[in-house]
Peer 1: 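Got a structure for you, written out below as structure tokens; questions coming shortly.
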Amino acid sequence: MEGFGVKTGALILMMISLPAGAASREELRLLNMAYPPGSTVVCRMTRAAIPPAEQPEQHIEAHARILEAGDERTVSDVTLTQTISAERTPWVTFRYRQIATLEAAEQRFETAGDSLQIVSTRYPQYATRLLAGMRENLTLRQAFSRTTISRLPYYKILPDPENPAAGVATCGPDNRGVYP
């Protein structure tokens with residue numbers, strides 16, 4: 001788990017924000033409205049192993065329960081887990097409240113610092129370090145072009161151009177009807 005840093009944490013915070021971006025501002029507004037308050041969206045991705053085997057392949061799953069939704073702003077409570085592919089139990093769980101706001105050509109994501117919790121029973125030293133670093137970077141921005149809409153309300157979040165190996169997140173309604 002060495003090397004799991006603030007940049008990876010920032011990616012995780014943005015991964016399930018609703019919406020995470022779109023081909024156009026209008027599509028982004030439509031995606032916002034596709035998830036009304038009370039609904040839950042789930043995003044899943046697999047992040048490839050990072051050589052030299054310091055970080056194994058990981059499955060990332062995030063559930064966001066929508067608290068407020070409008071065409072310009074969304075507020076959600078997020079639970080995100082990361083699981084090493086060869087294991088069944090998540091090595092880390094993130095919980096936070098996030099506010100996503102449309103701007104001219106990008107979206108701003110703000111994490112309420114007092115809501116941010118990171119728990120790792122397996123690697124508590126990394127969770128402590130990650131939490132400290134993430135609290136210093138609570139506001140992030142993402143270009144609309146990073147999201148493609150397959151068919152409303154389904155969408156994909158493309159990796160940051162600076163980190164193309166990060167993986168594509170596939171998102172849609174959480175039809176389980178249960179919020180973790």
Side-chain angles (χ1 to χ4, degrees), residues 6-23 25 27-47 58-83 90-103 106-120 127 130-131 134-135 137-160 163 166-180:
V6 173
K7 191 168 186 171
T8 301
L11 169 72
I12 291 167
L13 286 176
M14 290 189 335
M15 188 179 100
I16 57 80
S17 301
L18 296 175
R25 187 176 175 86
E27 288 173 323
L28 189 63
R29 286 183 176 141
L30 290 172
L31 189 56
N32 261 355
M33 299 311 292
Y35 292 98
S39 62
T40 301
V41 64
V42 62
C43 291
R44 294 179 178 96
M45 71 178 266
T46 298
R47 191 181 70 193
Q58 294 186 47
H59 296 292
I60 300 170
E61 183 168 310
H63 295 260
R65 180 164 167 72
I66 308 304
L67 303 175
E68 298 174 29
D71 60 352
E72 300 283 328
R73 180 176 182 266
T74 301
V75 179
S76 56
D77 278 343
V78 177
T79 299
L80 183 144
T81 58
Q82 279 191 260
T83 305
W91 76 268
V92 67
T93 299
F94 300 80
R95 287 189 176 84
Y96 52 92
R97 176 159 294 169
Q98 188 163 61
I99 302 159
T101 306
L102 280 175
E103 294 187 342
E106 61 188 9
Q107 193 160 21
R108 182 181 71 236
F109 303 98
E110 297 174 80
T111 299
D114 59 341
S115 72
L116 184 58
Q117 299 174 353
I118 301 174
V119 177
S120 177
L130 186 57
L131 180 61
M134 290 174 74
R135 283 206 166 127
N137 297 292
L138 295 173
T139 301
L140 306 165
R141 296 178 185 285
Q142 181 176 307
F144 295 163
S145 60
R146 295 249 330 265
T147 293
T148 60
I149 298 174
S150 319
R151 184 181 90 246
L152 278 174
Y154 300 93
Y155 63 101
K156 292 182 180 183
I157 304 169
L158 305 175
D160 187 309
N163 189 12
V168 174
T170 302
C171 306
D174 184 351
N175 295 321
R176 296 178 309 156
V178 176
Y179 179 65

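Computed from a predicted model, the values in this text were never measured in an experiment.
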Peer 1: So how far is it from Leu80 CG to His63 NE2, rounded to the nearest 0.5 Å?
Peer 2: 9.0 Å

Peer 1: I need the His59 NE2 to Gln82 CD distance, nearest 0.5 Å.
Peer 2: 11.5 Å

Peer 1: By salt bridge (Lys or Arg N to Asp or Glu O under 4.0 Å), which residues pair with Glu68, not counting sequence neighbours?
Peer 2: Arg73

Peer 1: Considering non-hydrogen atoms only, spot the tightest contact between Met33 and Asp71 and give its length.
Peer 2: SD-N, 3.4 Å

Peer 1: Compare all side-chain heavy atoms of Met134 with those of Phe94 and state whether any distance is below 4.5 angstrom.
Peer 2: yes

Peer 1: So, the side chain of Arg44 versus the backbone of Glu61: is there a donor-acceptor pair under 3.5 Å, distance only?
Peer 2: no

Peer 1: Distance-only, no hydrogens or angles: does the Arg29 side chain make a donor-acceptor pair with backbone N or O of Leu102 under 3.5 Å?
Peer 2: no

Peer 1: Could you walk me through whether Arg25 and Glu72 pass salt bridge (charged side-chain N to carboxylate O under 4.0 Å, His left out), step by step?
Peer 2: CA-CA 10 Å; Arg25 187 176 175 86; Glu72 300 283 328; 2.8 Å; yes

Peer 1: Of the non-hydrogen atoms in Ser115 and Arg97, which two are nearest, and what is the gap between them?
Peer 2: OG-N, 2.8 Å

Peer 1: Any idea which heavy atoms bring Ala34 and Leu152 closest together, and the distance?
Peer 2: CB-CD2, 4.3 Å

Peer 1: Could you grab the distance from atom CD1 of Ile118 to atom CZ of Arg95, nearest 0.5 Å is fine?
Peer 2: 11.5 Å

Peer 1: Determine the minimum heavy-atom distance between Val78 and Ala64, stating which atoms define it.
Peer 2: CG2-CB, 4.1 Å

Peer 1: Ser120 side chain to Trp91 main-chain N or O, any donor-acceptor pair under 3.5 Å?
Peer 2: yes

Peer 1: From Thr148 OG1 over to Lys156 NZ, what is the distance, rounded to the nearest 0.5 angstrom?
Peer 2: 6.5 Å

Peer 1: Return the CG to CZ distance between Leu31 and Phe144, rounded to the nearest 0.5 Å.
Peer 2: 11.5 Å

Peer 1: If you compare all heavy atoms of Thr139 against all heavy atoms of Arg108, which two are closest, and at what distance to 0.1 Å?
Peer 2: CG2-CG, 3.7 Å

Peer 1: Any heavy-atom pair between the side chains of Gln142 and Ile157 that's under 4.5 Å?
Peer 2: yes

Peer 1: Do Tyr155 and Val41 touch side chain to side chain, with heavy atoms closer than 4.5 Å?
Peer 2: yes

Peer 1: Check whether any side-chain heavy atom of Val168 sits under 4.5 Å from a side-chain heavy atom of Pro159, and report yes or no.
Peer 2: yes

Peer 1: So which atom in Val42 and which in Pro173 form the shortest heavy-atom distance, rounded to 0.1 Å?
Peer 2: CG1-O, 4.1 Å

Peer 1: What's the spacing between Leu28 CG and Ile149 CD1 if we round to 0.5 Å?
Peer 2: 7.5 Å

